[in-house]
J.: 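Have a look at this one.
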There are 2 protein chains.
Amino acid sequence: MATVTLKDVAELAGVDVSTASRALSADKSSLVKRATRNRVLSAAEELGYRGNLQASALRRGRTATIGVIVADLSNPFIGPVLRGIANALGNRDLLPIMTETRDSSDELARICDKLLAQRVDGVITTAGRYRDRSLLKRVASEVPTVLAVRELPGSGIPAISHDDVAGGRLAAEHLLSLGHTRCAQLMGPEDIWSFEGRGQGFREAIAAAGATCIDITGAIRLPTVEAGLDLATELLDRSGRLPTAVFAHNDSMAIGAIGAFRERGLEVPADISVVGYNDVPLTDQLRPPLTTIRLPGYELGRLAAELVLTRIDGVESTAEKVVLAPELVVRQSTARPAADTVGHVDPN
Amino acid sequence: MATVTLKDVAELAGVDVSTASRALSADKSSLVKRATRNRVLSAAEELGYRGNLQASALRRGRTATIGVIVADLSNPFIGPVLRGIANALGNRDLLPIMTETRDSSDELARICDKLLAQRVDGVITTAGRYRDRSLLKRVASEVPTVLAVRELPGSGIPAISHDDVAGGRLAAEHLLSLGHTRCAQLMGPEDIWSFEGRGQGFREAIAAAGATCIDITGAIRLPTVEAGLDLATELLDRSGRLPTAVFAHNDSMAIGAIGAFRERGLEVPADISVVGYNDVPLTDQLRPPLTTIRLPGYELGRLAAELVLTRIDGVESTAEKVVLAPELVVRQSTARPAADTVGHVDPN
DNA sequence: CTGAAAGCGCTAACAA
DNA sequence: TTGTTAGCGCTTTCAG
């Protein structure tokens, strides 16, 4: 099992290693006589030669790998993004090195260190929180970096993201068009662009229509079903009139909210409408099927990968920021407010 | 941004590179005088030195990376597995390189090539189908390899997997205990250990109880909601009595099946019981909440990682095969068969 | 078109 | 305890 090197191939083919190297390299192979190349190729074949990318990377100063950092691999929304990235990179024969931070800044720092030590040629990260700005700026100064999904305003790092402001607005306009005039939103974790944007878009659109918007913010660490349940409970326990509609900053939270409402005897959408965000798989199978905002994850991943690639190629002039449009998916968790609910409902 | 090398650090500290190397290496640093080490350390700090893993790998013959191959990143069940792997590897300062095959054998072959060219120190794969056996055997002959989730009987490659036979049996026993005597199973893709095992366990347990088991196999490529819908429709369109309970080989298929049944006016579980497999997130939020089999994904990942690690360390004597026990989670998609359904039901 | 030579950045004998 | 030396496997001038 002694690993076979280029030298072995060269010897078997009766040429110098430099010639063997040329013969095997995709772009330089034209510099080698047909016959010689064939001899090298068949020698390589015969020995089962497999180039050592480490050695090649060391020599060329490029590893042909891209570090990909995500916050949460379990987030069903991330699958398509990663697939988009992998596909775009695969075409160029780069290998994505995927890592997960679980949204911890310490973990992010550790991972960045590792990735830089691995000398990845570029980094794509979906895991940046505002508080990670300086860390990521440092990374970006060392290696071509692009943000995906989450922007980092003021960082100067190019980003491919969803238009979350528009997504929030979409949710608001849908509810407004159904006749809701008193809405609440269950805010995702602070410190993260995606949720900030959704919150802002929703709030502004509601306000612009002269309706009421209640923001419920809690000590949410992750936007999970439990977080949605907690925030919804907080909403229910507030004094004052209940809203007739709720915008949860993602689908998991929406599901938690629906559970909380049901516990208190409120039916969705009869008593209260709920809108989610992301359109993750199975949301259409829920009770009731969830009205939500769909995002083009695959496309986003693909664009992010293409952006790092052009940056690696040294093109700096690329657009610094791309935002993709979200889409409203109307299902059955939203409806017109019940006539008698408008204005006065008893939470108990 | 000229990248700073060990030589720079050594010069600044006024020592030889070899000394600098020793001072910075975790285990060799004791060979260096306290004072010298401190000088090196602060020089490194000052210059922002970051070791080049490529170079180090080339020299030591180890890359400190492990290739991780999964079939489908979107499968919610895989998240915990990857997390278990990442955690176990992180403790040893190895970097997992995660890749996805989308269950394509060609893609698997490409990925293995890349990983081997990267000279990963080990490989963990959850993506093997029977037809990939020889490919994976070749991989295993070049680098320590372990199978996770899916076994490859006869390959001789060590595996950490779930006891899918027991899982199938669990599903069967649950249905039998409810009084079902005519059951069907919607089989997952052929050529994959996990589904084979589930099928076998279920079939045997049903048979052992003297009940009837109908296997529905289709040209399923992936075990998706659509696949479940198709197979369930096939079941409904069969001539002969319908079963009173159905075991779908994963949760997605179970959901598809429930949809198909509902379309034909059959209520779950009143008219027909359904059991899924995996207990993926949100299955408890479905209508009805799904009875399913839960698997210890995180644990499995952790064990798989530990197994490659011991193999990398040269320990060959480790158990070649570990199977983890599944657990039945009873929710509301299963019930006793309706008295009048037992024996004669009209699909329309 | 091919070979000789010089490293990429690091580590590990082996000496001193 | 530290320095010297010799590469790991590959690519790329530079000559020929």
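Residue numbers start from 1 in every chain, and the chains themselves are labelled A, B, ... in the order their sequence lines are given, proteins ahead of strands. Just so it is clear, the values below take in all heavy atoms, side chains as well, and ignore hydrogens, waters and symmetry mates.
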J.: Give the rounded distance in Å between these two atoms: CZ of B:Arg62 and P of D:dG9.
T.: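 Going from CZ in B:Arg62 over to P in D:dG9 covers 16 Å.
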J.: What nucleotide among D:dT2, D:dT11, D:dC10 has an atom nearest to a side-chain atom of B:Thr36?
T.: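 My answer, after comparing the listed nucleotides, is D:dT2.
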J.: Ignoring the backbone of A:Lys28, work out which of D:dT4, D:dT12, D:dC10 is nearest its side chain.
T.: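 So the side chain of A:Lys28 is nearest to D:dT12.
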J.: Measure from the side-chain heavy atoms of A:Lys33 and tell me the nearest of C:dC1, C:dT11, D:dG9.
T.: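 It is C:dC1.
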J.: C:dG9 base to A:Arg59 side chain: any donor-acceptor pair below 3.5 Å?
T.: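 Answer no: no donor N or O sits under 3.5 Å from an acceptor.
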J.: If each of B:Gln54 and B:Asp16 is mapped to the nucleotide of DNA chain C with the nearest heavy atom, which maps nearer the 5' terminus, i.e. the 5' end?
T.: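 With B:Gln54 and B:Asp16 compared, the 5'-side residue is B:Gln54.
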J.: Taking N and O atoms by type only, does the side chain of B:Arg119 place a donor or acceptor under 3.5 Å from a partner on the base of D:dG9?
T.: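 When only heavy-atom distances are counted, B:Arg119 does not reach the base of D:dG9 through any donor-acceptor pair under 3.5 Å.
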J.: Begin from the C-alpha positions of A:Asp16 and A:Arg22 and carry the test salt bridge (Lys or Arg N to Asp or Glu O under 4.0 Å) through to its verdict.
T.: CA-CA 10 Å; A:Asp16 186 85; A:Arg22 282 186 280 254; 6.0 Å; no
J.: Identify whether the distance between the nearest side-chain nitrogen and carboxylate oxygen of B:Asp121 and B:Arg62 falls below 4.0 Å.
T.: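 The answer is no: the pair does not qualify as a salt bridge.
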J.: Verify the contact: side-chain N or O of A:Ser25 to OP1 or OP2 of D:dT11, cut-off strictly under 4.0 Å; return yes or no.
T.: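 Negative; the distance criterion is not met.
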J.: Please check if the side chain of B:Asn38 supplies one atom and the backbone of B:Ala35 the other of a donor-acceptor pair under 3.5 Å.
T.: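 Side chain of B:Asn38 to backbone of B:Ala35, a donor-acceptor pair under 3.5 Å: no, none is there.
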J.: Looking at B:Ser18, does any N or O in its side chain come under 4.0 Å of the phosphate oxygens OP1/OP2 on D:dT4?
T.: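 No, no such contact exists.
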